[in-house]
Each structure stands twice: as structure tokens, then as C-alpha cells.
Amino acid sequence: MPPDKISASTRRVVAARAAGYCEYCRSKTRGTDPDTGEQVTLFHPRQQRRQDHFEWNEDNTLIVGMAACGRATVASLKLDRSGLVNLRNVLVQVGLHPP
């Protein structure tokens with residue numbers, strides 16, 4: 001079998017092992033777009049470009065989802081929870097953020 005092809009049986013084993021979670025981040029792979037209520041696939045860092053789905057707000061402390069995938073990812077993974085926003089604020093003040 002060519003190295004770029006994954007058999008159906010291997011796919012089933014991996015899916016069962018993951019139990020509905022992303023094996024990259026261990027979170028669910030689908031989430032709800034807070035703007036539309038639609039269930040969408042979350043951002044996949046190995047298949048998608050970050051800059052196509054996210055941007056920083058004006059003061060660089062909030063991650064803004066630019067489309068359904070980005071919005072659902074920010075909401076589902078709580079990427080703008082208060083502790084992270086506070087950390088980003090401190091890092092902005094000392095010139096270490098955005099990355």
C-alpha cells in the first residue's frame with residue numbers, strides 16, 4: 001500500500017481509539033458556530049492555515065474567528081477565556097505578543 005493511503009480498517013481503528021476526539025488536541029472535532037448555531041468542523045492545524053480562519057482583535061488580546069470554523073473553534077476550545085486574555089494583555093505590554 002502506498003504510504004499516502006490509509007486503509008479503511010486502519011481508519012476505523014483510529015476513529016474507535018479517538019472516541020470522537022481529535023488526537024491532536026483531545027477535544028471534540030466539531031463545534032457550534034455561535035453566530036449561526038450550525039455544527040461545523042473545528043480548525044485543523046495540519047490541514048488549514050491559521051490566518052485563513054483567525055485574526056487578533058484591535059488590542060491583540062482576543063482571537064476572532066473570521067468564519068464558522070474559526071468562530072466554533074474559539075468558542076468550543078474557550079480560546080478567549082479570561083486567564084488567556086489576561087496573559088495576552090501582559091505579553092502585549094512587554095512586547096512579546098502577538099507571536
* **Side-chain donor/acceptor of Thr73 to backbone N/O of Cys69, under 3.5 Å** => yes
* Side chain Thr32, main chain Pro34, donor-acceptor under 3.5 Å -> no
* Working to the nearest 0.5 Å, report the span between CZ of Arg81 and CG of Leu79. => 7.0 Å
* Asked: Which distance, rounded to the nearest 0.5 Å, do you find between the CD of Gln48 and the CZ of Phe54?
  -> 8.0 Å
* Asked: How many angstroms lie between CD in Gln39 and OG1 in Thr36, if you round to the nearest 0.5 Å?
  -> 9.5 Å
* Asked: Looking at side-chain heavy atoms only, is the closest gap between Met66 and His53 below 4.5 Å?
  -> no
* If you round to the nearest 0.5 Å, how far is CG of Leu42 from NZ of Lys28? -> 11.0 Å
* To do: With the side chain counted from C-beta on, respond yes when Val74 and Asp80 share a heavy-atom pair under 4.5 Å apart, and no when they do not.
  => yes
* Between CG of Leu84 and CG of Leu62, what distance do you get to the nearest 0.5 Å? -> 10.5 Å
* Flag the pair Asp59 / Arg88 as yes when at least one side-chain heavy-atom distance between them is below 4.5 Å, and no otherwise. => no
* **Pairwise side-chain contact, Phe43 with Ser76, heavy-atom cut-off 4.5 Å (strictly under)** => no
* Does CD in Glu58 sit with more than 12 non-hydrogen atoms of other residues, nucleotides or ligands closer than 6.0 Å? -> no
* Asked: Are the side chain of Arg71 and the backbone of Asp33 linked by a donor-acceptor contact shorter than 3.5 Å?
  -> no
* To do: State, with a plain yes or no, whether a side-chain heavy atom of Ile63 is found less than 4.5 Å away from one of Trp56.
  => yes
* Asked: Just wondering, do Asn60 and His97 contact through their side chains at under 4.5 Å, heavy atoms?
  -> yes
* Is there a donor-acceptor contact under 3.5 Å from the side chain of Thr61 to the main chain of Val85? -> no
